[in-house]
Amino acid sequence: MGIDVNAPIFVISVAAELAEMHPQTLRQYDRLGIVRPSRAPGRSRRYSQRDIELLREVQKLSQEGVSLEGIKRIMELQNQVTGLRQRVVELSTQLDEAQRRAPDRSRVFAAGLAGDVVTLSRGQRPPAAATAVQQLGLVSLMERRSRLRALPAGKSAERNYADDDYVQSL
DNA sequence: GTTCTTACA
DNA sequence: TGTAAGGA
């Protein structure tokens with residue numbers, strides 16, 4: 001059995017040395033919620049090996065010019081991805097078991113045009129592309145785009161046709 | 001060890 | 001804006 005990367009063992013001075021950072025910087029990251037070590041009984045921080053790796057990741061992002069707010073957001077999203085991946089595994093397993101227990105051949109699932117899941121009867125096809133476009137209310141947008149292409153060539157140098165006001169006026 | 005405040009680039 | 005230092 002190896003060392004648990006999540007075991008909270010390093011005090012802040014050791015963690016700072018391992019991460020090659022100033023202890024005050026680690027406190028700042030903790031306060032901002034970027035890397036939150038666990039706490040020993042009392043108030044002192046205890047960093048895990050995993051925390052050290054996160055600190056190095058933060059260091060890398062910071063050197064690349066990402067602001068601390070941006071880094072915080074990235075960390076949150078990364079946690080979200082991890083959680084969702086785990087959820088996918090759980091649900092896939094449950095689905096497999098459910099299907100093995102009670103095979104239901106009366107329903108078929110397919111991908112809709114927008115990537116959604118649609119339920120069909122056996123032998124039935126998903127809606128054709130044109131129909132789906134109408135259902136999504138994209139017809140007027142497509143008309144606008146064709147009118148944009150129809151504009152006189154000389155005008156293109158004068159203004160940007162992607163300009164919001166201009167597109168709204170069509 | 002902690003938090004708060006301040007200085008510097 | 002981010003890091004480091006000093007004091008309580």
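Side chains included, hydrogens not; waters and symmetry mates left out as well; all remaining heavy atoms used. Just so it is clear, the model here is predicted, and its values are computed rather than measured. In what follows, chains are A, B, ... by sequence order, proteins preceding strands, each numbered from 1.
- Listed by first residue number, the stems of DNA chain C with at least three Watson-Crick or G-U pairs below 3.5 Å are B:4-9 with C:1-6.
- With contacts defined as side-chain heavy-atom distances shorter than 4.5 Å, the pair Leu55(A)/Tyr47(A) qualifies.
- In this structure, Thr25(A) does not reach the dG2(C) phosphate: none of its side-chain N or O atoms is under 4.0 Å from OP1 or OP2.
- When all heavy atoms of Ile34(A) and Val58(A) are compared, the closest pair comes out as CG2-CG2, 3.6 Å.
- Between Glu90(A) and Arg87(A), at least one side-chain N (NZ, or NE/NH1/NH2) sits under 4.0 Å from a carboxylate O, which counts as a salt bridge.
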Under 3.5 Å between N/O atoms: give me all the protein pairs with nucleotides 2-5 of chain B, atom names plus distance.
from, atom 1, to, atom 2, distance (Å)
dT2(B), OP1, Arg45(A), N, 3.2
dT2(B), OP1, Arg45(A), NH1, 2.6
dT2(B), OP2, Arg27(A), NE, 2.9
dT2(B), OP2, Arg27(A), NH2, 2.8
dT2(B), O5', Arg45(A), NH1, 3.3
dT3(B), OP2, Arg45(A), NH1, 3.3
dT3(B), OP2, Arg45(A), NH2, 2.7
dC4(B), N4, Gln24(A), NE2, 3.2

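- Taking atom NZ of residue Lys72(A) and atom P of nucleotide dT1(C), one finds them 14 Å apart after rounding to whole Å.
- Considering only side-chain N and O atoms, Ser62(A) lies under 4.0 angstrom from the phosphate OP1 or OP2 of dT3(C).
- Salt-bridge check for Arg73(A) with Glu76(A): passed, with a basic side-chain N closer than 4.0 Å to an acidic carboxylate O.
- Rounded to a whole Å, the CD atom of Gln28(A) is 13 Å from the C1' atom of dA5(C).
- Annotation for Glu53(A): atom CD counts as buried by contact number, over 12 foreign heavy atoms lying within 6.0 Å.
- Between Asp51(A) and Ser48(A), the side chains place a donor N or O and an acceptor N or O closer than 3.5 Å (distance only, hydrogens not considered).
- As a whole-Å value, the separation of His22(A) NE2 from dA4(C) C1' is 5 Å.
- Val5(A) and Met75(A) fall into different hydrophobic clusters, where Ile, Leu, Val, Met, Phe, Trp and Tyr are joined by side-chain heavy atoms under 4.5 Å apart, directly or via other members.
- One finds a side-chain N or O of Tyr29(A) lying less than 4.0 angstrom from the OP1 or OP2 phosphate oxygen of dT3(C).
- Arg39(A) has a carboxylate O that lies under 4.0 Å from a charged side-chain N of Asp30(A), or vice versa, which qualifies the two as a salt bridge.
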